[in-house]
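Structure record follows, encoded as structure tokens.
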Amino acid sequence: DLLARAVIDVLRRGAAGPGRAAGTLLGAAARNLPVTGGADYAAALSELAENGTPGWAPLLRRAAGAVAARRTFMEEIR
């Protein structure tokens with residue numbers, strides 16, 4: 001969770017930069033952020049899409065959707 005929170009913080013600050021770096025980071029986040037436990041990273045990404053860098057909104061929404069889908073899948077197989 002420490003690394004996941006660090007990724008969200010980087011995205012929140014906009015430190016990933018525009019363009020390809022942001023896309024690469026968000027793709028990795030969509031595939032690898034934890035989906036079990038108390039933190040809801042899909043909600044955090046959605047919140048960033050609404051309130052963050054406008055150019056990133058589609059990428060953030062896509063990553064949030066992927067994290068939410070992975071979370072639902074994990075809940076179903078439990």
Hey, could you give me the CG/CH2 distance between Leu48 and Trp56, rounded to the nearest 0.5 Å?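 Those atoms lie 8.5 Å apart.
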Looking at OG1 of Thr72 and CE of Met74, how far apart are the two atoms once the value is rounded to the nearest 0.5 Å?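 So the OG1 of Thr72 and the CE of Met74 are separated by 11.5 Å.
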Residue list, side chain to side chain contact (heavy atoms under 4.5 Å, CB included) with Ala30, at least two apart or on another chain: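 Expected list: Ala63, Ala66.
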List for me each residue that meets side chain to side chain contact (heavy atoms under 4.5 Å, CB included) alongside Leu3, sequence neighbours excluded, and say none if there are none.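 Partners of Leu3 under the side chain to side chain contact (heavy atoms under 4.5 Å, CB included) test: none.
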Do any pairs count as a side-chain hydrogen bond (donor to acceptor under 3.5 Å, both in side chains) and have a residue in residues 27-47, sequence neighbours left out, and if so which ones?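 The answer is Asp1-Tyr41, Glu47-Asn51.
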Check Val35 against Val67 and note the closest heavy-atom contact, atom names and distance.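 Closest pair (atom of Val35, atom of Val67, distance): CG1-O, 3.6 Å.
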What closest approach, in Å, do Leu33 and Ala4 show between heavy atoms, and which atom pair accounts for it?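 Scanning both residues completely, I find the closest heavy atoms to be CD2-CB, 3.5 Å.
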Under the salt bridge (Lys or Arg N to Asp or Glu O under 4.0 Å) test, residues paired with Arg70 that sit two or more places apart: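 Here no residue qualifies.
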Check salt bridge (Lys or Arg N to Asp or Glu O under 4.0 Å) between Glu76 and all other residues, then give those that pass, not counting sequence neighbours.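 Checked Glu76 against salt bridge (Lys or Arg N to Asp or Glu O under 4.0 Å); zero matches.
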Mind checking whether Leu2 and Leu25 sit in one hydrophobic cluster, side chains of I, L, V, M, F, W, Y counted as touching below 4.5 Å?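 They do not share one cluster, since no chain of ILVMFWY contacts under 4.5 Å joins Leu2 to Leu25.
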Going by salt bridge (charged side-chain N to carboxylate O under 4.0 Å, His left out), name the pairs with one or both residues in residues 57-69, residues two or more places apart or in two chains.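 Non-adjacent pairs meeting salt bridge (charged side-chain N to carboxylate O under 4.0 Å, His left out): Glu50-Arg61.
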